[in-house]
Amino acid sequence: GKELVNIDYLKKPLKILKQIIKFERKLYKKYKLIHADLTEYNIIYDEESGKITIIDFPQAVTVVHPNALELLERDVNHLMDFFGKKYGVQLDTESVVKFITK
């Protein structure tokens, strides 16, 4: 795959965005982690399979970290900005954070 930043066209960008959000939810719920550096450079997209792979976890923090919610919101905001500008799709940040954490 390629870094998402290098993918000019996605057939179904909203579907990919939702895959990333579901991954973040699983990371939060099952593994009790927040990526804390979730950017288009750390998301690998395989154009053949349509699957994503998230990389680069050195900045990850546990959900009990004092800044956990702030870091999660930053990750989600960054995703929404990127997908909004590059692919024209965006979701409400607050709703996404609630979906991940509740």
Side-chain angles (χ1 to χ4, degrees):
K2 296 183 199 174
E3 293 174 339
L4 197 57
V5 70
N6 295 317
I7 305 289
D8 291 327
Y9 174 78
L10 288 176
K11 197 180 290 186
K12 296 181 180 179
L14 184 58
K15 180 179 177 183
I16 301 304
L17 178 57
K18 286 181 178 180
Q19 278 184 354
I20 297 165
I21 292 167
K22 286 178 185 174
F23 173 84
E24 277 291 289
R25 184 172 198 232
K26 183 175 183 178
L27 191 64
Y28 186 92
K29 294 283 193 181
K30 185 173 182 178
Y31 300 104
K32 308 295 185 206
L33 291 173
I34 293 168
H35 191 282
D37 188 28
L38 190 59
T39 69
E40 60 274 20
Y41 296 94
N42 294 330
I43 302 167
I44 306 299
Y45 178 69
D46 184 327
E47 293 178 271
E48 284 186 30
S49 69
K51 300 215 185 269
I52 57 143
T53 302
I54 310 294
I55 62 169
D56 197 15
F57 283 82
Q59 294 182 47
V61 297
T62 65
V63 297
V64 296
H65 185 280
N67 300 95
L69 187 57
E70 178 184 327
L71 293 168
L72 177 61
E73 288 172 350
R74 185 182 71 182
D75 278 354
V76 172
N77 274 322
H78 192 90
L79 277 176
M80 296 309 120
D81 287 346
F82 174 75
F83 271 83
K85 289 175 185 171
K86 188 149 187 178
Y87 304 116
V89 296
Q90 202 169 13
L91 299 170
D92 176 64
T93 299
E94 187 177 328
S95 298
V96 172
V97 170
K98 283 181 184 177
F99 172 78
I100 292 169
T101 59
K102 302 298 180 214

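Every heavy atom of this structure was used, including side-chain atoms; hydrogens, water molecules and symmetry mates were not.
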Find out whether [X] and [Y] are in side-chain contact, i.e. whether some heavy atom of one side chain is under 4.5 Å from a heavy atom of the other.
X     : Y      : answer
Phe57 : Leu27  : yes
Val89 : Ile16  : no
Glu3  : Ile44  : yes
Arg74 : Leu38  : no
Val97 : Tyr28  : no
Leu91 : Leu14  : yes
Lys29 : Ile100 : no
Leu72 : Glu24  : yes

Exercise for the section: Take Val63 and Lys32 through the side-chain contact (heavy atoms from CB on, under 4.5 Å) test and state the conclusion after the steps. Expected result: CA-CA 5 Å; Val63 297; Lys32 308 295 185 206; 4.0 Å; yes

Does [X] use its side chain to pair, donor to acceptor, with the backbone of [Y] at less than 3.5 Å?
X     : Y     : value
His65 : Leu33 : no
Asn42 : Asp37 : yes
Arg25 : Lys30 : no
Asp46 : Gly1  : no

Practice task
Kindly determine whether Val61 and Asn67 satisfy side-chain contact (heavy atoms from CB on, under 4.5 Å), including the steps that lead there.
Solution key: CA-CA 9 Å; Val61 297; Asn67 300 95; over 6 Å; no

Exercise for the section: Answer yes or no: are there more than 12 heavy-atom neighbours, outside Lys86 itself, under 6.0 Å from its atom NZ? Expected result: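 Check passes, neighbour count above 12.
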
Exercise for the section: Look at Glu94 together with Lys98 and state whether they make a salt bridge at an N to O cut-off of under 4.0 Å. Expected result: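 A salt bridge links Glu94 with Lys98.
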
Practice task
Let me know which of Asp56, Val5, Asn6 forms a side chain to side chain contact (heavy atoms under 4.5 Å, CB included) with Tyr41.
Solution key: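 Considering Asp56, Val5, Asn6, a side chain to side chain contact (heavy atoms under 4.5 Å, CB included) with Tyr41 is found only for Val5.
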
